[in-house]
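For reference, the structure is listed below as structure tokens.
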Amino acid sequence: MTTFLLVPGLFMGGWAWEAVAAELTARGHRALSVTLPGMAERATEEDPAGIGLGEHTDAVAALLDAQGPGTVLVAHSYGSFPALAAADRRPGQVARVVFLDTGFPEPGESLVAQMPQLGLAEQAVDGLIPVPEEIPAVHAVPPAELERYHRLATPQPVRTVADPVELTGAWLKLPTTGVFCRANGLSVEFARQLHGTGLPRFAKLADPDVTYFELDTGHYPMLSTPVELADVLMRAAAGEGVGLYET
């Protein structure tokens, strides 16, 4: 049995992982779907506008402490920032970090600095980034799941994407897996190109304890292909996947 800690991306709470968690549980594993402070059902518990990346990191770190060693930490999109910062604090609790259709930040980097083209900070109103009006069809989210997304998604505290992430580098020793969603433009080939630049930030991509999978779907596989995603997560936890330069 493996314990999976599932950290969502922007605008989402633990509800986004329900189908994946159900599949993992049916296969004999433990799956904990995280709702970060100020999001989803927690949006009424505290002032979301006052919440930053530090509070999100603290929440993931506390869950890692509660679960103990051996947890597979799964981070989707923005979730890589608080998840990785928590893993960096608690490397002894983490068996593997799985990056779901996302990269990893450098120390002191924020999401808005990493991806300025998204214009997230510019969209903020009273400290919150509004939920996008639509998810493009390329992401293949079924109508029922799309309706659920718009019903349950909540505005994102702008500080969570503007605050710099605190990393010591301890996480670099952890086994990792990248799961790329091809319809969103990410792939193993793209990771090879990044590694080929020779930039230090991409050196880990070719480490022997880093594996990769690809899914033929868009950026929200927990909504579009949850059964396939659960299968990939189980295989990742077992150390499966291809290396960067394997064929």
Side-chain angles (χ1 to χ4, degrees), residues 5-14 16 32 34-39 42 46 48-65 67 71-124 127-129 154-180 184 186 191 194-195 197 199-205 207 209-210 219:
L5 194 61
L6 309 170
V7 184
L10 295 174
F11 312 111
M12 298 189 291
L32 304 175
V34 179
T35 293
L36 295 167
M39 304 304 299
R42 300 185 65 176
E46 52 255 304
I51 291 171
L53 180 58
E55 285 78 10
H56 281 187
T57 299
D58 291 344
V60 179
L63 288 168
L64 288 174
D65 286 340
Q67 299 313 309
T71 299
V72 174
L73 184 58
V74 182
H76 173 244
S77 194
Y78 155 78
S80 64
F81 279 77
L84 192 60
D88 192 72
R89 290 186 197 174
R90 306 286 195 272
Q93 307 293 79
V94 179
R96 179 173 294 270
V97 181
V98 180
F99 296 98
L100 179 55
D101 211 42
T102 186
F104 49 80
E106 287 277 271
E109 192 172 45
S110 66
L111 180 61
V112 296
Q114 185 186 74
M115 304 190 72
Q117 70 275 18
L118 298 180
L120 292 171
E122 293 78 7
Q123 299 173 38
L128 299 174
I129 305 168
T154 45
Q156 185 80 23
V158 70
R159 284 186 49 220
T160 63
V161 301
D163 291 347
V165 66
E166 296 182 8
L167 298 171
T168 68
W171 80 272
L172 289 167
K173 298 179 181 179
L174 293 172
T176 65
T177 295
V179 180
F180 298 128
N184 195 42
L186 296 183
L194 293 177
H195 182 259
T197 66
L199 294 174
R201 71 176 296 161
F202 300 126
K204 183 174 172 62
L205 296 176
D207 281 3
D209 62 356
V210 178
H219 186 57

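Not measured: the values here are computed from a predicted model.
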Take Glu106 and Gln114 through the side chain to side chain contact (heavy atoms under 4.5 Å, CB included) test and state the conclusion after the steps.
CA-CA 9 Å; Glu106 287 277 271; Gln114 185 186 74; over 6 Å; no
CA sep, side-chain torsions, deciding dist, call: Val165, Leu111, side chain to side chain contact (heavy atoms under 4.5 Å, CB included)
CA-CA 9 Å; Val165 66; Leu111 180 61; over 6 Å; no
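- Using a 4.5 Å cut-off on side-chain heavy atoms (C-beta onward), Pro8 and Val34 make contact.
- For the side-chain contact (heavy atoms from CB on, under 4.5 Å) criterion with Ile51, the lone passing option out of Gln156, His56, Arg159 is His56.
- Contact check for Glu46 versus Glu55: no side-chain heavy atoms found under the 4.5 Å cut-off.
- Note that the CG atom of Leu172 and the CG atom of Asp207 stand 8.0 Å from one another [nearest 0.5 Å].
- Closest approach of Met39 and Pro157 over heavy atoms only: SD-CD, 3.5 Å.
- For the atom pair Leu118 CG and Tyr78 OH, the distance stands at 14.0 Å (nearest 0.5 Å).
- Here Arg201 pairs with Glu109 in a salt bridge; the nearest charged N to carboxylate O distance falls below 4.0 Å.
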Could you go through the side chain to side chain contact (heavy atoms under 4.5 Å, CB included) check for Asp209 and Lys204 one step at a time?
CA-CA 9 Å; Asp209 62 356; Lys204 183 174 172 62; 3.9 Å; yes
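- Side chain of Asp163 to backbone of Leu53: a donor-acceptor contact under 3.5 angstrom is found.
- With contacts defined as side-chain heavy-atom distances shorter than 4.5 Å, the pair Leu120/Val158 does not qualify.
- Here the closest non-hydrogen pair linking Ala162 and Ser110 is O-CB, 3.4 Å.
- The nearest pair of heavy atoms linking Gly103 to Ser80 is O-OG, 3.5 Å.
- Residues forming a ring-ring contact (aromatic ring centres under 6.0 Å, His included) with Phe11 (at least two apart in sequence, or on another chain): none.
- Checked options Leu63, Val72, Val74; the residue passing with Leu5 is Leu63 (criterion: side-chain contact (heavy atoms from CB on, under 4.5 Å)).
- Using a 4.5 Å heavy-atom cutoff, the side chains of Leu36 and Val60 are in contact.
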For Glu166 and Thr57, run side chain to side chain contact (heavy atoms under 4.5 Å, CB included): C-alpha distance rounded to whole Å, both residues' side-chain angles, the deciding distance at 0.1 Å, then the answer.
CA-CA 9 Å; Glu166 296 182 8; Thr57 299; over 6 Å; no
Could you tabulate the donor-acceptor pairs under 3.5 Å formed by side-chain atoms of residues 81-100, not counting sequence neighbours?
{"unit_1": "Asp88", "atom_1": "OD1", "unit_2": "Thr168", "atom_2": "OG1", "d": "3.4"}
{"unit_1": "Asp88", "atom_1": "OD1", "unit_2": "Gly169", "atom_2": "N", "d": "3.1"}
{"unit_1": "Asp88", "atom_1": "OD1", "unit_2": "Ala170", "atom_2": "N", "d": "2.9"}
{"unit_1": "Asp88", "atom_1": "OD1", "unit_2": "Trp171", "atom_2": "N", "d": "3.0"}
{"unit_1": "Asp88", "atom_1": "OD2", "unit_2": "Thr168", "atom_2": "N", "d": "2.6"}
{"unit_1": "Asp88", "atom_1": "OD2", "unit_2": "Thr168", "atom_2": "OG1", "d": "2.8"}
{"unit_1": "Arg89", "atom_1": "NH1", "unit_2": "Asp58", "atom_2": "OD1", "d": "2.8"}
{"unit_1": "Arg89", "atom_1": "NH2", "unit_2": "Asp58", "atom_2": "OD1", "d": "3.0"}
{"unit_1": "Arg90", "atom_1": "NE", "unit_2": "Asp65", "atom_2": "OD1", "d": "2.8"}
{"unit_1": "Arg90", "atom_1": "NE", "unit_2": "Asp65", "atom_2": "OD2", "d": "3.0"}
{"unit_1": "Arg90", "atom_1": "NH2", "unit_2": "Asp65", "atom_2": "OD2", "d": "3.2"}
{"unit_1": "Gln93", "atom_1": "NE2", "unit_2": "Leu64", "atom_2": "O", "d": "3.1"}
{"unit_1": "Arg96", "atom_1": "NE", "unit_2": "Ala236", "atom_2": "O", "d": "3.1"}
{"unit_1": "Arg96", "atom_1": "NH1", "unit_2": "Thr176", "atom_2": "O", "d": "3.0"}
{"unit_1": "Arg96", "atom_1": "NH1", "unit_2": "Thr177", "atom_2": "OG1", "d": "3.0"}

